[in-house]
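Heads up: the structure comes next, in structure tokens.
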Amino acid sequence: MDERYDPKKIEPFWQAEWERAKLYLTGQDRSRPKFYLLEMFPYPSGNGLSVGHLHNYVPPDVVGRFKRMTGFNVLHPMGWDAFGLPAENEALLKGLHPKQTVPQYAANFKRQLKLSGCAYDWTREINSSEPGYYRWTQWFFLLLHKRGLAYRAVGSQWWCEECRTILANEQVVNGCCWRHTETPVTKKDLEQWYFRITAYADRLLEDLDLVDWPEPIKLMQRNWIGRSEGAEIAFPVADHPGKEVRFFTTRPDTVFGVSFMVLAPEHPLVAEITSDAQRAAVEEYVAQARRQSEIERLSTVKEKTGVFTGAYAYNPFTRKNIPIWIADYVLMGYGTGAIMAAPGEDQRDFEFATKYGLEIPRVTAPLDGSRPDPGCAFTEHGITVNSGFLDRLKTADAIKAVLRWIEEHRIGRPTVSYRMRDWLISRQRYWGAPIPMVYCKRTCGIVPVPEDQLPVVLPDMRDYQPSGTGRSPLANVPEFVNTTCPKCGGPAERETDTLDGFACSSWYFLRFASPHYDRAPFERAAVDYWLPVDLYVGGAEHAVMHLLYARMWTKVMFDAGLINFKEPFLVLRNQGMVWAADGQKMSKSRGNVVTPDSMIEKYGADALRLWELFMGPFEEPTNWNEDGVTGTVRYLTRVWTMVRRYVEAGCPAGSPNAETLRRAHKAIRTVTDHIERQRFNTALAALMDQLNYAARLDPAAIGRFAIE
RNA sequence: GCCGAGGUGGCGAAACGGCAGACGCAGUGGACUCAAAAUCCACCGAGCGCAAGCUCAUGCGGGUUCAAGUCCCGCCCUCGGCACCA
């Protein structure tokens with residue numbers, strides 16, 4: 001044995017030894033308990049992994065090793081989220097092709113993870129951009145289509161001018177594209193494919209109770225889904241027989257206080273009811289609202305604007321005609337795109353009414369008998385007043401009474417509204433799984449590609465730049481586009497949009513159970529054994545993207561009888577973000593990136609790994625600071641020295657005294673407990689404490705027991 | 001604006017309502033060395049004291065309790081999320 005602790009000698013030797021002994025292959029003995037450990041699979045970037053990324057991989061790796069050593073069959077795989085905007089944008093920026101960059105970058109990630117001593121079963125490596133994988137992503141599209149959960153619709157949708165593609169709502173962050181955080185998104189009208197995630201809104205909400213996730217993440221999902229109970233009611237439009245304004249409200253008890261109505265500028269009724277006198281002003285306002293980017297809309301959030309349409313609606317409760325306005329504070333995408341305005345009880349309506357001199361009736365009085373503040377709306381529940389048959393009822397009872405009334409008079413019904421919209425999955429981009437649909441030119445219309453004809457292979461294209469016209473670059477490949485209808489054999493064209501990259505990551509956790517299976521996306525028996533994931537680790541930034549989508553797909557598969565569980569990730573933990581030493585994001589352009597390679601060169605992989613654990617609490621954000629690595633190097637050196645003394649003493653069997661035994665047991669208990677609760681920093685502290693004690697003892701006094 | 005997380009030594013941080021600061025980093029003194037590095041030993045929140053010890057300390061102000069970093073009420077600050085959702 002060497003004199004000194006020298007990681008440069010030890011680590012390559014043992015890493016080669018692990019590989020030779022196939023030590024980290026997934027256990028196959030199904031009589032053992034299983035543990036499926038998964039980190040969110042990364043998109044392979046040319047920048048390689050930083051020590052910040054490693055904070056996502058090393059602590060879970062410790063859990064995996066711990067579980068393996070305590071008798072579990074561990075599935076701990078790794079793969080590449082290779083399709084989608086991040087990979088394609090990076091390749092475009094470098095003037096390269098993702099078909100070359102992705103495998104190259106993935107190989108580098110793999111090299112770094114191995115260098116860092118992470119114990120993955122690399123025989124299960126997957127890459128979502130390979131036909132053997134995306135074949136099944138397409139298969140899932142067909143499954144959703146078959147189940148009525150994929151549909152095509154025209155709509156005004158978010159468009160990123162940088163990415164030159166439509167984005168889903170979840171992928172718009174602060175009014176900007178999630179990949180280009182400085183580029184405001186704009187609206188574009190296109191016919192697009194959607195997944196009906198809203199059909200799962202209630203189950204996505206309820207089943208959050210089944211999982212052990214960080215509360216803030218659950219809350220973000222609840223808010224994103226945004227369930228509201230209320231009523232949908234229709235008021236007739238005066239002088240337009242048969243026309244009515246349908247609206248959603250959560251406060252039907254305030255109907256007697258409705259003094260005007262507001263439509264979203266995009267509302268289809270606007271063109272039909274606008275009076276000649278108001279037409280010019282209305283059209284000008286609609287055009288201006290359309291031009292506005294999301295950012296501009298947000299920046300003017302305080303000041304309400306709108307225009308009178310010249311039309312009136314009839315309020316059957318007050319039996320008065322009330323003016324219909326348009327305003328961009330009413331959103332076409334929520335409810336019905338129209339509201340009843342109760343300015344006495346809604347602050348937004350109050351501000352609007354104040355600005356445009358509209359009537360502000362008061363129909364809810366505070367419970368304590370005081371008068372509402374005349375300077376703002378009274379938005380709390382209270383006692384209904386000035387409201388005919390609702391007078392003197394408490395808000396909750398008034399709501400019930402109105403619901404009965406509107407159902408009796410057939411002008412409305414109780415209903416539930418959600419903020420979440422359907423998931424728009426068409427991308428006008430090259431680097432994704434082609435949507436497996438065909439448009440028959442003659443008779444059959446939209447036809448799904450038969451399952452046995454999958455994959456619809458992504459054609460090779462040298463020039464894969466997004467066009468910006470709203471059509472995917474695939475539209476420029478006639479051999480791809482022109483095909484025959486699978487139904488009638490007549491001439492047909494393929495769908496040229498590709499699937500959102502988040503489709504790939506909505507089922508990858510299943511693929512790892514049987515990554516090479518080629519008769520279905522997964523082998524049922526393997527999935528029944530391994531799934532759901534027991535510990536899932538990744539960043540909180542995916543709270544309402546990947547995590548929501550993957551939950552939805554899981555429920556679809558459950559409904560289709562493909563799997564027997566409802567939630568894919570039983571336990572979720574978010575590692576804290578590691579910022580650079582300067583408190584900023586680690587990035588090449590800022591020159592503040594620290595790579596695992598350089599750290600390992602200086603201190604060794606084990607010292608780096610321990611420091612990743614010891615830096616601070618796993619789930620807390622932190623700034624990178626490598627001063628403390630000295631401590632973990634020292635710790636490893638002391639362990640080395642102690643073991644060497646023990647070996648030099650001839651490995652005595654030893655006879656530990658009661659105190660030594662007590663301490664050893666306590667340390668084992670603490671370390672076990674803390675690893676299981678992801679308290680890696682304190683688990684290591686307990687080990688250091690134990691070393692401080694044991695290092696003072698005579699080797700003969702402790703024996704193998706305390707050393708181990 | 002709304003929702004959430006957090007605020008403890010010079011620094012990273014610990015702490016079932018029970019001796020605040022475990023474990024480390026940095027620092028100070030010592031041993032070893034011609035010397036340095038490494039290693040080992042001791043000290044290491046602030047103030048007073050030769051010392052035993054005393055006093056003050058967990059963002060601020062109140063409260064509950066034999067006992068509060070921890071529980072309750074009201075503020076301040078930092079970070080994260082949502083952002084006119086009717």
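Within every chain, numbering begins at 1; the chains are lettered A, B, ... in the order of the sequence lines, protein sequences first and strands thereafter.
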Legend entry - Protein-nucleotide distance (A:I225, atom CD1; B:C82, atom P), rounded to Å: 15 Å

Inset, instruction - Report the residues that fulfil salt bridge (charged side-chain N to carboxylate O under 4.0 Å, His left out) with A:R421, sequence neighbours left out, ordered by chain and then residue number. - result: none

Inset, instruction - To the nearest Å, give me how far apart CD (A:E620) and P (B:C79) are. - result: 15 Å

Legend entry - Where the chi angle of B:G74 falls, syn if within 90° of 0 and anti if not: anti

Legend entry - Protein-to-nucleotide contact annotation, 5' to 3' order, nucleotides 20-25 of chain B [B base; S sugar-phosphate only; - none; under 4.0 Å, heavy atom]: --BBSS

Inset, instruction - Please report, rounded to the nearest Å, how far the P atom of B:A86 is from the CZ atom of A:R227. - result: 12 Å

Inset, instruction - Can you tell me the distance, in whole Å, between the CD1 atom of A:I326 and the P atom of B:A86? - result: 22 Å

Inset, instruction - Would you mind classifying the nucleic acid contact of A:S228 as base, sugar-phosphate or nothing, using non-hydrogen atoms under 4.0 angstrom? - result: sugar-phosphate

Inset, instruction - Would you classify A:R679 as touching base, sugar-phosphate or nothing, given that sugar-phosphate means primed atoms plus P, OP1 and OP2, and contacts are heavy atoms under 4.0 Å? - result: sugar-phosphate

Inset, instruction - Return the nucleotide paired to B:G80: Watson-Crick means purine N1 to pyrimidine N3 with N6-O4 or O6-N4, wobble means G-U with N1-O2 and O6-N3, both under 3.5 Å. - result: B:C3

Legend entry - A:E266 and A:R290: CA distance, side-chain angles, deciding distance, salt bridge (Lys or Arg N to Asp or Glu O under 4.0 Å) verdict: CA-CA 8 Å; A:E266 307 91 336; A:R290 257 195 88 72; over 6 Å; no

Inset, instruction - Using atom NE2 of A:H55 as one end and atom C1' of B:G12 as the other, report the distance to the nearest whole Å. - result: 12 Å

